[in-house]
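Structure record follows, encoded as structure tokens.
Each chain gets a letter, A, B and so on, in the order its sequence line appears, and its residues count up from 1. Just so it is clear, the model here is predicted, and its values are computed rather than measured.
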Amino acid sequence: MAHDTNARLVAIWRVVAAIPVGSVMSYGDVARRAGYPNAARYVGYALSKASQAPELPWHRVVAVGGRIAFPVGSKLYREQRRRLLADGMRVCGAKVRITPVGDMDSLLWSQAD
DNA sequence: GTTGTGACATTAT
DNA sequence: CATAATGCCACAA
């Protein structure tokens with residue numbers, strides 16, 4: 001049955017719901033994992049539509065590079081940042097520390113803390 | 001059916 | 001690193 005736009009929503013929600021705590025995925029990654037490599041935009045729409053699903057860890061979905069897709073100071077921005085922190089992630093401004101392999105900071109942080 | 005918009009990504013300058 | 005342009009997807013007017 002084609003024309004199942006709902007299937008895409010489900011696929012996206014499914015992927016988002018599968019994101020483990022302490023980890024985040026970019027819209028593009030979610031879209032790709034859902035089976036739609038270039039449906040990154042649709043992911044945002046799907047999440048906005050799923051905002052009614054509190055069980056959906058939408059806060060683990062961020063823009064590429066771990067950057068929060070909301071304007072700094074926005075309600076959702078603070079909400080997402082708060083939830084990410086609650087998940088035990090380090091958030092620097094609008095950026096989320098995504099276990100950067102090869103990144104000096106990760107080693108330093110690992111050592112410092 | 002065309003145009004505009006959005007919780008985006010990628011490439012080029 | 002910032003900005004502009006283009007591509008992608010689906011929906012609303």
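The P atoms of C:dG7 and B:dA7 are separated by 22 Å, rounded to the nearest whole Å. Using atom C1' as the reference point in both B:dG1 and C:dA12, the two lie 14 Å apart (nearest Å).
Note that CD1 of A:Ile68 and CD of A:Gln80 are 5.0 Å apart. Values are rounded to the nearest 0.5 Å. The CZ atom of A:Arg81 sits 12.5 Å away from the OG atom of A:Ser74 when rounded to the nearest 0.5 Å. For the atom pair CZ of A:Arg67 and OG of A:Ser26, the computed distance is 12.0 Å after rounding to the nearest 0.5 Å.
Side-chain atoms of A:Phe70 lie closest to B:dA7 of the nucleotides B:dA9, B:dA7, C:dC11. Listed nucleotides B:dA9, C:dA12, B:dA7 differ in distance to A:Leu47; the shortest reach to its side chain belongs to B:dA7. Minimum atom distance to the side chain of A:Ala63 is reached by B:dA9, of the listed C:dC9, B:dA9, B:dA7. Closest approach to the A:Asn38 side chain among C:dC8, B:dA7, B:dA9 is made by C:dC8 (side chain taken as heavy atoms from C-beta onward). The listed nucleotides are B:dA9, C:dC9, B:dA7; the one nearest the side chain of A:Tyr42 is C:dC9.
The side-chain hydrogen bond (donor to acceptor under 3.5 Å, both in side chains) test applied to A:Asp87 returns A:His59, A:Arg60, not counting sequence neighbours.
The distance from atom CE of A:Met25 to atom C1' of B:dA9 is 14 Å, rounded to the nearest whole Å. Going from atom CG of A:Leu56 over to atom P of B:dA7 covers 17 Å, rounded to whole Å. Rounded to an integer number of Å, the gap from A:Lys49 NZ to B:dA7 P is 15 Å. Distance A:Asn6 CG to C:dC11 C1': 14 Å, rounded to the nearest Å. To the nearest angstrom, C1' of C:dC11 lies 13 Å from CD1 of A:Ile12. Across the protein-nucleic acid pair, A:Arg32 atom CZ and B:dT10 atom C1' stand 12 Å apart, rounded to whole Å. Atom-to-atom, CH2 of A:Trp58 to P of B:dG6 comes out at 18 Å; the value is rounded to the nearest Å.
A:Arg83 has a carboxylate O that lies under 4.0 Å from a charged side-chain N of A:Glu79, or vice versa, which qualifies the two as a salt bridge.
Mapping A:Tyr45 and A:Ala40 onto DNA chain C by nearest heavy atom places A:Ala40 at the nucleotide closer to the 5' end.
At a cut-off of 3.5 angstrom, the base of B:dA7 holds at least one donor-acceptor pair with the side chain of A:Tyr27.
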